Amino acid sequence: MQKRLLSLGVVAMVAIGLGQALTGTASAAGPLISQNKPVTASSSESAAFPPSATVDGNAGTRWSSQFSDPQWIQVDLGATANVDQVILNWEAAYATAFQVQTSENGTAWTTIYTTTTSTGGIQTLPITGTGRYVRLNLTARATQWGYSLWEFQVFGTTNGPGPNDGLLSYNKPATASSHQDDGMCAVCTPIKATDFDPATRWATSATTGWVDPGWITVDLGATANVSKVVLQWDPAYAVSYQIQVSDDNSTWRSIYSTTTGKGFKETLAVSGTGRYVRMYGTQRSNGYGYSLWEFQVYGTGGNPTPPPPLPPAPNFTRLAWSDEFNGPANAVPDPAKWTPEIGPGVNNELQYYTNNDNARMDGTGNLQIQVRRQATPGSACPPDPISGSTTCQYTSGRLNSYNKFQFTYGRVEARIKVSSSQGLWPAFWMLGSNFFSTRTPWPNCGEIDIMEHVGRELNAVYSTLHAPAYFGAGGYGQRLDLGQRVDAAFHTFAVEWDSSHMTFFVDGRSFFTVDRTQLELTRGPWVYDHDHFLILNSAIGGDFPGPPGAGTVLPQNMLVDYVRVFR
């Protein structure tokens, strides 16, 4: 333990200094915005000296690090802020060299203050920076001990829409330096960045637009006071860019500038007045152009069109829909709840889905979806690895609830005993209803895989999300090893889904949570705020499970005890 004692006089001086900081007499900076906010650090000397002690307003508690370089401590302000002052109240173990840094996501950092000649004590640092996170990056110690702070205080103004601020850019006219319209990005026009649809995007032209500068402008319809801009980037993002405003779409004023753009989602606190707002990119992140899923402008004034509201929050305990599959043996699934999909599969699968020939009640309270070796004359599938035939050599069943039950948010669960053999691929999942209703292509419609199992991994199941920025093998998901064969017993697979998160469960145990904010900051847009429908199927072959072979045992039955939706 780091055993060092302070005299009562020193403690008294610390308390006096802290009181000055808290009452604002040390500076005319903005208000204190760090007190009692979440704090993390690279290490702590012990549980007696936690990072949280630096923001508790108590001069008698402190954080101390382990005895090595470098170390860091950071505070999460909870929202983007304009930071104008930092006060450091050091214990005797201070840093001689350190940096003050800001970040929007807690990963990519911008240095706004640096010193190699610190003398400890109470340091009041007038600084200028913007970010949600503020970090001390500590690189040289003054003593043999670690680093120790009584208080780490951040002053400034937390940003975000004010009480009367709102989204001004929804469906407003947009123009750009160019736009893409080809097989890789069809009709990727500027309006796609202001349509409040995270599955559509604007991109610069692949023939003329992969150059610098590149820009996109939104006309707010009238003069507005702009307080925030949100950029949800495709991987073709701007490293260097400005946010500019204009009264006439000709003369521009910069209200934000960076040379360290990080891509993904950037939430920018800005302050400016104008009718037109422009993202003016001057350095691309790669050899492609510029592309935005969303370009959102917030503030007051303008001529806004209210965006569509989010669906209401769900109730995870109120049963809204179910199928218990209690029909007599050989009965077909309830046609009021399920539609059989008929024809070959996708993803290089080998089965032909039949009109409920392979999906029947077993008479003991289960739906049985059977995969069997059975040729379908006149059909076409990828070559069967066993026979070489391109006529579909297998049949199975696939049911969906589209136009019979579709919903946004809720708890969805099914009790299933999967089939498992080489090349098998049983699944319980959801697809965005706009896949059918507006012919929105996959993966733009969104896909939520509650359970997938592949026969080559006998003990494992997967839960995965697919969207335009993460799909297929790059989908955002998690594998769970059950420690025993999945097909040995029934298991309950579930997801709880609302506007901010999804949590996936197996047998009541959560194993994977998708946080919307983190997803948008690290992978791409969240595209799940609209109706989805349910799907049950069991495939054979395909890109994920691989082909059947000599080890494949058929027929195989996937049994479904029930499907229930709470919302």
Side-chain angles (χ1 to χ4, degrees), residues 103-111 131 169 174-195 197-218 229-244 252 254-268 270 277-297 440-446 465-477 518-527 543:
S103 174
E104 191 58 46
N105 61 4
T107 302
W109 296 92
T110 299
T111 297
S169 54
T175 55
S177 51
S178 67
H179 76 268
Q180 191 171 355
D181 187 7
D182 55 31
M184 297 301 294
C185 195
V187 198
C188 289
T189 54
I191 193 66
K192 298 296 179 65
T194 63
D195 63 0
D197 182 348
T200 63
R201 64 185 173 101
W202 159 74
T204 51
S205 168
T207 56
T208 63
W210 292 0
V211 296
D212 296 314
W215 53 266
I216 180 171
T217 298
V218 58
V229 169
V230 176
L231 305 174
Q232 181 77 64
W233 292 99
D234 176 71
Y237 66 92
V239 174
S240 297
Y241 64 91
Q242 297 178 35
I243 302 299
Q244 302 170 328
W252 296 92
S254 179
I255 59 173
Y256 178 87
S257 179
T258 184
T259 58
T260 57
K262 62 179 179 58
F264 294 113
K265 186 174 184 178
E266 295 185 287
T267 302
L268 312 174
V270 298
V277 182
R278 178 166 77 167
M279 187 290 299
Y280 189 78
T282 54
Q283 181 184 349
R284 291 163 291 142
S285 60
N286 50 45
Y288 301 101
Y290 296 98
S291 185
L292 283 165
W293 298 103
E294 285 291 303
F295 178 26
Q296 298 174 355
V297 179
T440 300
W442 183 91
N444 299 51
C445 59
L465 301 183
H466 300 272
Y470 43 94
F471 59 89
Y476 186 66
Q518 188 65 19
L519 181 75
E520 292 174 333
L521 287 171
T522 58
R523 297 299 295 271
W526 168 281
V527 299
D543 301 328

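Just so you know, these numbers come straight off a predicted model, no measurement behind them.
Residues Tyr470 and Leu465 share a closest heavy-atom pair of CD1-O, 3.7 Å.
Ser178 places no side-chain N or O within donor-acceptor distance of the main-chain N or O of Thr204, the cut-off being under 3.5 Å. A donor-acceptor contact shorter than 3.5 Å links the side chain of Tyr290 to the backbone of Gln283. A distance-only check finds a donor-acceptor pair linking the side chain of Ser177 to the backbone of Trp215 [under 3.5 Å]. Although no hydrogens or angles enter the test, the distance criterion places a donor-acceptor pair under 3.5 Å between the side chain of Gln232 and the main chain of Glu520. No side-chain donor-acceptor contact under 3.5 Å links Asn444 to the backbone of Pro468. Between the side chain of Ser205 and the backbone N or O of Gln180 there is no donor-acceptor pair closer than 3.5 Å.
For Asp212, the salt bridge (Lys or Arg N to Asp or Glu O under 4.0 Å) test picks out Arg284, with sequence neighbours left out. Residues satisfying the side chain to side chain contact (heavy atoms under 4.5 Å, CB included) criterion with Tyr288, sequence neighbours excluded, are Trp210, Ala236, Asn286. Qualifying disulfide (SG to SG under 2.5 Å) partners for Cys188, counting only residues two or more places apart in sequence or in other chains: Cys185.
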Note to self: Evaluate Met279 against Ile243 for side chain to side chain contact (heavy atoms under 4.5 Å, CB included), listing each step before the verdict.
What the structure shows: CA-CA 5 Å; Met279 187 290 299; Ile243 302 299; 4.2 Å; yes

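Residues Tyr241 and Glu266 have side chains that bring a donor and an acceptor to within less than 3.5 angstrom of each other.
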